Amino acid sequence: MGDRVNKLIIGVNNLIRGRRRKKPIPHDKVLVLFSHCLQYSKCPQKIVNDLAECKRCGKCVVKDILEISERYGVKCAVASGGEMALQKVYSSDVSTTIAIACEKELSGGIKSIFPKRILALPNTRPYGPCKDCCVDTTGVEKLLKRILYCT
Ligand code: SF4
């Protein structure tokens, strides 16, 4: 599917699923899920096995995502592929996921997981696809505030 269609699916999804709520979502039901391409490609830590492996050196945005998740008291997970991501989103402990990945993965995830709520945040790819990707962490916080505090 073309990039424009994927962007359209993400935009419509976020508009509908991310609209201002009357009732906040409990913090412990929210998951911030990111694809492992955000990890610095030369980092030796095996964060896909265990996020506690991250030494929080600040060479990639994983440190910031972990800190934001802790600050807001939400779950955080990393996925190395679509199947692993779906497993985490399907968990009964999760009602809402803020997912960070490329547009193609996000668009596929939104369709596969419906009607579960996903808010999708596309990554940025300054070094090309799947390597040393990044994300605007203010966007993560904005979405968290929206669903946790109905802002
Ligand atoms: S913050 Fe540092 S230790 Fe953590 S994943 Fe990134 S490079 Fe590795």
Side-chain angles (χ1 to χ4, degrees), residues 1-40 43 45-56 60-125 129-130 133-151:
M1 206 180 306
D3 219 34
R4 280 177 62 187
V5 178
N6 290 331
K7 280 183 182 157
L8 188 67
I9 290 169
I10 291 167
V12 171
N13 171 79
N14 285 2
L15 201 66
I16 295 169
R17 311 308 295 275
R19 67 180 166 234
R20 189 175 294 170
R21 300 173 54 82
K22 292 198 179 94
K23 214 173 143 203
I25 294 168
H27 295 229
D28 62 351
K29 291 279 185 188
V30 175
L31 169 69
V32 175
L33 177 66
F34 63 92
S35 75
H36 79 300
C37 59
L38 292 189
Q39 183 181 20
Y40 177 47
C43 174
Q45 301 307 116
K46 307 268 183 252
I47 65 163
V48 173
N49 298 341
D50 183 2
L51 273 177
E53 280 273 320
C54 172
K55 301 282 185 202
R56 306 198 185 194
C60 72
V61 78
V62 171
K63 169 186 182 280
D64 305 295
I65 293 174
L66 289 174
E67 287 177 357
I68 289 169
S69 302
E70 282 170 5
R71 201 172 333 124
Y72 286 85
V74 299
K75 300 179 204 302
C76 187
V78 56
S80 58
E83 206 167 305
M84 190 177 186
L86 290 180
Q87 265 177 19
K88 298 194 188 258
V89 175
Y90 271 127
S91 163
S92 57
D93 288 350
V94 173
S95 77
T96 302
T97 300
I98 294 176
I100 304 161
C102 65
E103 287 85 351
K104 187 170 167 243
E105 293 279 342
L106 291 172
S107 156
I110 288 166
K111 286 184 279 177
S112 307
I113 214 74
F114 187 85
K116 268 201 148 178
R117 189 182 301 108
I118 290 187
L119 297 174
L121 204 54
N123 60 17
T124 56
R125 301 177 285 278
C130 309
C133 297
C134 199
V135 70
D136 172 17
T137 53
T138 59
V140 180
E141 289 203 66
K142 201 171 155 193
L143 290 176
L144 281 170
K145 282 179 187 156
R146 173 146 294 195
I147 58 177
L148 297 173
Y149 306 117
C150 304
T151 57

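Treat the numbers as computed from the prediction; the structure is a model and nothing was measured. FYI, side chains are in, hydrogens and waters are out, and symmetry mates aren't considered; it's all heavy atoms of this structure.
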Self-check item: Nearest non-hydrogen partners of K116 and R17, listed with the distance
Solution: O-NH1, 3.5 Å
Quiz item: What distance do T96 atom OG1 and I147 atom CD1 have between them, rounded to the nearest 0.5 Å?
Solution: 5.0 Å
Practice problem: With sequence neighbours excluded, give me every salt bridge (charged side-chain N to carboxylate O under 4.0 Å, His left out) pair touching residues 141-151. | Solution: R71-E141
Quiz item: Got a sec, which residues hit ring-ring contact (aromatic ring centres under 6.0 Å, His included) with H36, two or more places apart in sequence or on another chain?
Solution: none
Exercise. Heavy atoms only: give me the nearest V74-V30 pair and the separation to one decimal.
Key: CB-O, 3.5 Å
Self-check item: Inter-residue atom distance K29.NZ - T97.OG1, 0.5 Å rounding
Solution: 11.5 Å
Quiz item: What are the two closest non-hydrogen atoms of A120 and I110, and how far apart are they?
Solution: CB-CD1, 4.1 Å
Quiz item: Are K46 and D50 close enough for a salt bridge, meaning some N to O gap below 4.0 Å?
Solution: no
Quiz item: Does any N or O in the side chain of E67 come within less than 3.5 Å of the main-chain N or O of R56, such that one atom is a donor and the other an acceptor?
Solution: no
Quiz item: For the atom pair CD1 (I118) and CG (N13), what is the distance rounded to the nearest 0.5 Å?
Solution: 7.0 Å
Practice problem: Report the relative orientation of the aromatic rings in H27 and Y149; use parallel for angles under 30°, tilted for 30 to 60°, perpendicular for over 60°. | Solution: perpendicular
Self-check item: Point-to-point distance, once rounded to the nearest 0.5 Å, from CG of D136 to CG of N123
Solution: 12.0 Å
Quiz prompt | Any pair counted as salt bridge (charged side-chain N to carboxylate O under 4.0 Å, His left out), so long as it reaches residues 76-103, sequence neighbours left out | solution = E103-R125
